[in-house]
Amino acid sequence: MSNESQELGITESKSHKPGDWYAEVVQKANLADYAPMGGFIVTKPRGYALWEAIQDALDGWFKETGVDNVYFPLFIPESFLEREKDIVEGFDPEVAWVTHGGHDELEERLAVRPTSESIIAPFMADWTRSHRDLPLRLNQWCSVVRWEATETKPFFRTKEFMWQEGHTAHATDEGAWDEVWTRLGQYERVYEDVLAIPVLRGKKPEHDKFPGADTTTTVEALMPDGKSVQGGTSHNLGQSFAEAFDITFVDEDENEQTAYTTSWGLSWRALGALIMTHSDDQGLVLPPTIAPTQVAIVPIWQEETKDDVLEYSENIADELEDAGFRVELDDRDERNPGFKFNEHELNGVPLRLEIGPYEVEDEEVTLVHRPDNEESVADRDGIVETVDEHLDEIFDKLYDTAEENLENNIREAHSPEDILGTLGKHGGYVKTPWCGDEACEEAIKEKIAAEIVMQPLEDEGGTTAGEVPEPDHDECGVCGDPADEIAYFAKSY
């Protein structure tokens with residue numbers, strides 16, 4: 001094997017060293033690089049294209065459901081942050097502060113936004129006067145800084161990360177809950193329909209909800225290494241922020257009322273889940289829905305067949321592009337077909353079309369699926385429909401594999417030994433009755449670094465997280481006290 005091929009290939013194993021493997025895939029597939037400051041990354045064009053694909057999907061759905069995009073300052077005055085005490089206490093260890101502008105010390109410290117409730121809420125108060133102004137739905141696409149990351153994992157955990165944060169105000173608690181379910185459903189949709197990753201819907205335990213919130217709902221995705229990823233959160237903030245920032249309105253009877261607010265966010269951690277879920281020891285694997293290049297066409301020629309093969313390949317590329325597919329015709333002279341195959345595999349291109357003199361002669365194409373190298377031959381006629389069908393098949397393969405991983409890794413346990421043993425041996429989710437005491441979570445966390453990542457949530461449709469029947473035990477799986485709640489323990493990113 002040439003040095004060039006070794007440089008191109010993945011040397012770490014996903015099953016044996018998932019952390020090292022993940023870092024190598026991110027760098028060699030040209031998604032991101034490490035910044036000179038610890039805890040920060042540089043997102044490269046191919047990585048940012050993936051984020052833009054998520055952004056485009058969500059942004060369209062947000063706008064269809066009444067959301068307007070805005071942008072608020074990066075800096076938040078300390079006095080604004082302090083108006084909601086739970087925000088201050090919850091984020092204090094993670095806040096980066098600006099104390100000087102040029103050579104001058106600032107009169108008031110400015111927080112680099114860890115989240116924007118404290119800067120957006122005062123303006124929501126100014127913009128809300130009457131019940132006619134509600135619901136008010138705002139969203140911004142931006143980055144936030146949380147000085148918490150000690151061990152950088154690109155997209156999963158960095159001090160600065162890209163996200164969207166939505167902030168809404170409503171006349172009623174019912175209206176706020178409708179908003180929470182709408183956004184949670186959109187997060188579920190982006191994971192399942194765009195990223196080909198099934199998720200569980202749930203809520204965070206009381207002690208782990210967003211600071212100041214009444215309820216934090218979440219979608220959780222299970223990675224192949226048995227760890228859970230918090231995929232996106234939608235918070236019912238009740239009236240605490242509205243009271244702190246005076247978000248009030250005059251109702252139809254001319255009485256002043258306090259609004260109900262929500263916030264909701266999804267970050268580029270979704271890209272970490274995407275990479276970790278589908279990729280393999282050959283490199284990145286992407287579902288066609290999000291892949292910057294959906295189809296790579298690799299012409300294979302000898303000198304005497306070059307013109308015919310290239311013309312045939314170009315015609316197919318043009319037809320596919322006209323049909324709306326994202327296509328790369330790889331006609332580089334200086335690279336041999338084997339190198340091109342490896343490179344497109346590394347970059348996660350879902351479908352490869354191989355075209356040589358035999359395909360030209362027989363008016364066919366050879367199609368190769370990235371996830372499993374399944375190969376087939378199809379007629380040149382109807383190539384648009386054929387490619388469309390194959391891309392759908394590839395998406396289904398990826399989703400089905402991830403779904404099988406999820407379904408096979410939700411287990412029940414009813415004692416501390418069972419919980420620890422199951423998590424230690426299998427990972428995944430361990431479902432157990434819970435008394436609601438945070439000390440029971442700590443007892444597990446201290447021994448195996450697993451926590452309660454969610455609880456089943458009865459929402460407006462009556463669905464719960466997971467398809468496994470509820471345990472019929474009524475004693476806490478950790479302490480044995482009476483329990484009327486269910487907790488899902490897992491290790492998490």
Side-chain angles (χ1 to χ4, degrees), residues 54-55 57-70 72 84 86-87 115-142 163-192 199 201-204 209-220 230-249 251-252 257-267 270 454-455 457-465:
I54 292 175
Q55 201 171 0
L58 277 176
D59 201 61
W61 301 338
F62 292 164
K63 286 170 180 169
E64 287 170 6
T65 47
V67 180
D68 292 313
N69 280 340
V70 292
F72 281 79
E84 217 299 326
D86 288 328
I87 279 279
T115 182
S116 296
E117 279 79 1
S118 299
I119 187 71
I120 292 179
F123 288 90
M124 293 175 74
D126 287 345
W127 300 343
T128 303
R129 289 286 177 265
S130 160
H131 64 92
R132 297 182 185 86
D133 299 322
L134 298 175
L136 178 63
R137 296 185 175 99
L138 307 175
N139 175 67
Q140 70 172 355
W141 294 92
C142 62
W163 78 347
Q164 59 74 212
E165 50 177 316
H167 302 267
T168 71
H170 305 266
T172 64
D173 182 48
E174 182 183 13
W177 272 114
D178 285 346
E179 184 76 19
V180 168
W181 301 133
T182 296
R183 304 310 157 199
L184 195 69
Q186 289 172 337
Y187 294 156
E188 181 179 33
R189 183 180 171 191
V190 83
Y191 273 90
E192 300 202 336
V199 292
R201 293 157 63 110
K203 68 175 181 177
K204 290 295 182 183
K209 65 186 182 181
F210 181 80
D214 276 7
T215 306
T216 288
T217 67
T218 180
V219 291
E220 299 283 326
Q230 179 181 292
T233 49
S234 183
H235 315 284
N236 188 329
L237 302 178
Q239 293 182 304
S240 59
F241 282 85
E243 288 168 354
F245 293 95
D246 198 28
I247 305 176
T248 58
F249 64 96
D251 67 16
E252 293 177 0
Q257 304 287 351
T258 300
Y260 296 82
T261 67
T262 78
S263 67
W264 26 277
L266 179 142
S267 80
M454 68 168 198
Q455 297 181 262
L457 178 68
E458 290 285 346
D459 67 21
E460 82 291 6
T463 59
T464 60

Criterion side-chain hydrogen bond (donor to acceptor under 3.5 Å, both in side chains) on T258 and Q239, from CA distance to verdict: CA-CA 7 Å; T258 300; Q239 293 182 304; 4.7 Å; no
ring-ring contact (aromatic ring centres under 6.0 Å, His included) partners for W61, two or more places apart: none
Could you pull out all residues at least two apart from [X] that satisfy side-chain contact (heavy atoms from CB on, under 4.5 Å)?
X    : answer
A171 : L134, F249
S130 : R132, D133
A176 : H170, N236, Y260, T262

For [X], side-chain hydrogen bond (donor to acceptor under 3.5 Å, both in side chains) partners two or more places apart:
X    : result
T217 : none
N139 : N69, Q164
T65  : R183, Q186
W127 : none

Member of T215, T233, L237 meeting the side chain to side chain contact (heavy atoms under 4.5 Å, CB included) criterion with F210: L237
Salt bridge (charged side-chain N to carboxylate O under 4.0 Å, His left out) contacts touching residues 211-220 (sequence neighbours left out): K204-E220
E188: partners by salt bridge (charged side-chain N to carboxylate O under 4.0 Å, His left out), with sequence neighbours left out: R201
